[in-house]
Amino acid sequence: MAKMPMGNPTYLRGQIRERKRIGSLYHRLRISLPQPIGPVLPGQFAMLKIEGGGSIILPRPFSIHNFEEGERVPWLDFLFKVVGKGTGLLAEISVGSPIMVLAPLGKGFPAPPRGYKPLFIAGGMGIAPLFPLIMRMKSSSSPLCLLYGAKSQGDLICLSELLDLKEITIKIATEDGTAGTKGMVTELLKGDDDDGGDQIVIYACGPEPMLRAVSKFAAEHKKPCWISLERRMACGVGACLGCVVETKRGYKRVCREGPIFEAREILW
Amino acid sequence: MRPERYYGEMMPSLKVKLGELELQNPVMPAAGTFGYGEEYSSLIELNRLGAIVTKGVSLAPQEGNPPPRIWETWGGMLNSIGLHNVGLEIFAKEKLPFLRRSKTPIIVNFFGHTIDEYAESARRLSDLEGVAALEANLSCPNIKEGGIHFGGKPQTVAKTTKMIRRSTKLPIIIKLSSNVSDIKEVAIAAEGEGADAISLINSIPAMAIDLETRKPVLGGITGGLSGPAIKPIALKAVWEVASKAKVPLIGVGGIMDYRDALEFLIVGATAVQVGTANFINPKALLEIIEGIEAFLKRKGIEDITEMIGSLEL
Ligand SMILES: Cc1cc2nc3c(=O)[nH]c(=O)nc-3n(C[C@H](O)[C@H](O)[C@H](O)COP(=O)(O)OP(=O)(O)OC[C@H]3O[C@@H](n4cnc5c(N)ncnc54)[C@H](O)[C@@H]3O)c2cc1C
Ligand SMILES: Cc1cc2nc3c(=O)[nH]c(=O)nc-3n(C[C@H](O)[C@H](O)[C@H](O)COP(=O)(O)O)c2cc1C
Ligand code: FES
């Protein structure tokens, strides 16, 4: 199995540097850190402590969406969708506010095996951890391809930044047909299948039904496939055993053995 | 002002004793919230803790409950981890060597499904190098008694404690649940059979429902409530038991900061365990130790044992 990279987490009082609303439900946050952490790997996440009095006590996990590559990382970007209390409060947070950050956590995406071409598959918010991976790989020689699906055009976050990259081909699917092909992102896979005999490795993140479909495709076509999973979390560091997923080798902690897993390991 | 300068230079003693076991300070993690120590080791200096309490181990590895296993509630959280653990053998081989590297006493939390299993675990854990004390979690369902937890009845507590006592020379801590009709009786039963200390309380049986699906939110259907929401219940349990028991007590439940910790000492606890707070603030244990020290300095209290049972009625 490919080596799964990870590093030691740090707990710091960060500060909100920027908060940008993207459409009606999405936000981007930049958190500056009092001292640099690092290195950070694409696919790793952070626990953010959102102040919500008694109604929110546990920190929330978010993928690290963007960061400056290097040994010392002075700020972290997050991309999030408002789905409940915590993300609702985070969407209102003012620039300059302090926020406790525990990062980097979990394992990052492993590099593609030699000679393999990466295929990225994102569903909605799933673009968050894939974005820094794309940024890292865009300088490699092999051509990149992203299949990007969402409910509607407005849910294709980061699309303009991605379209600016000349190194990547993007195919889009929306459920309502407002952009790209109408339908599910997994349907784009069928077209990709007869792309010549290239060796591909899949990197996917998105809603669980999508990941299940991608895993099935990868298994049927014998493609290596890495997915990023989400679970409710308490500690984020592997101590509470609260975030487990059932795998072929028993329950594994998403925060520690994941969030990046090899798709064929998961019992769906 | 002279007294203040004097207080500023004073180094209060934070040392406490749980039977034979001496601790440099009374603050330790609660079982199951600190993994096997290693998980938090890059975030917290393990050497500064009063003790390290491990995740509960059993003779055989246990898979635990199906997910979802955690749920947030107002001021607390539910967990239905279901005592998922690596089992005694892997604990000894893979987890204990790391813990031994720190000079902090290691307290191994353990449980069984029968009294014999408790005794057997105690015996085998005592053979391991580097274990300072054992903490028996009696909140586990007793399969021979229709799943009522071992801590439920004074007779069962007495019997279980007695068998553990016979199986080990290490100090034993009996950890009780507040889910009983009279916690004093249960605690006295443990004390009578040789418990060196008593921890109270475990998380409180509870549940949560998803209105949309009408399903329980936890894979285990019910779970245990922990966090700030349970602190008043835990405080009362410690206070009640302190009025009857002579052995030292360890207060557990909803401790978030040094104030909470000291309140437990005031009602009669000798030491405290901090659980859910670790998830909220991974430096909570250290901040509590530092906060206690600063408080004692501020008040000119030279020895923390002056706080124990100092409740003014
Ligand atoms: C490793 C990891 C990376 C993540 N990265 C991102 C990201 O980059 N951007 C983003 O928007 N979200 C991300 N999530 C999901 C995010 O953590 C949840 O959306 C968030 O915790 C919800 O908090 P809330 O208080 O708003 O929701 P709550 O009020 O607690 O719940 C509202 C809804 O959110 C769901 N939910 C709650 N917690 C989680 C969770 N931990 N994982 C998945 N669903 C959850 C609940 O099932 C519920 O339907 C990630 C989760 C994990 C585990
Ligand atoms: C995730 C989790 C796992 C736990 N596992 C154990 C365990 O293995 N053994 C045990 O005796 N108590 C266990 N407990 C109970 C805690 O040790 C503690 O008694 C309880 O959480 C109350 O303290 P708190 O409010 O500070 O968390 C667990 C609690 C949580 C939240
Ligand atoms: S969140 Fe605690 S083990 Fe993963």
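Lettering follows sequence order; numbering is per chain, from 1.
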* Parallel under 30°, tilted from 30 to 60°, perpendicular over 60°: which one fits the rings of A:Y203 and A:F109? ->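 Because their plane-to-plane angle is over 60°, the rings of A:Y203 and A:F109 count as perpendicular.
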
* Where does the angle between the aromatic ring planes of B:F150 and B:Y118 fall among parallel (under 30°), tilted (30 to 60°) and perpendicular (over 60°)? ->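 Answer is perpendicular, since the angle exceeds 60°.
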
What part of [X] gets closer than 4.5 Å to chain A, counting heavy atoms only: side chain, backbone, both or neither?
X	result
B:T73	backbone
B:P29	neither
B:P228	side chain
B:N65	backbone
B:I280	both

* To do: Cation-pi check, B:R69 to A:Y251: give yes when NZ or CZ is under 6.0 Å from the six-membered ring centre and within 45° of the ring axis, no otherwise.
  =>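 Output yes; distance and angle both within limits.
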
* Contact check, side chains of B:N202 and B:V252, non-hydrogen atoms, under 4.5 Å ->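 In short, these two side chains do not touch, never coming nearer than 4.5 Å.
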
* Side chains of B:V57 and B:Y36: does their closest heavy-atom pair fall under 4.5 Å? ->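 With C-beta onward as the side chain, the pair touches.
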
* Pick from B:I81, B:N79, B:T33, B:N85 with the largest number of heavy-atom pairs that fall under 4.5 Å of chain A ->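 Maximum pair count with chain A is reached by B:I81.
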
* Asked: For the candidates B:S80, B:S41, B:P67, which exhibits the highest count of non-hydrogen atom pairs separated by less than 4.5 Å from chain A?
  ->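 Highest number of pairs under 4.5 Å: B:P67.
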
* **chain B contact via A:S55 - side chain, backbone, both or neither, heavy atoms under 4.5 Å** =>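 Both backbone and side chain.
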
* Engaged part of A:L102 at the chain B interface, taking heavy atoms whose separation is under 4.5 Å ->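 Just the side chain, heavy atoms under 4.5 Å.
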
* Give a yes or no on whether the ring-centroid distance for A:F80 and A:H27 is below 6.0 angstrom. =>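 Ring centres of A:H27 and A:F80 closer than 6.0 Å.
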
* Asked: So, are B:E39 and B:K55 salt-bridged, with charged N and O less than 4.0 Å apart?
  ->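 So B:E39 does not pair with B:K55 through a salt bridge.
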
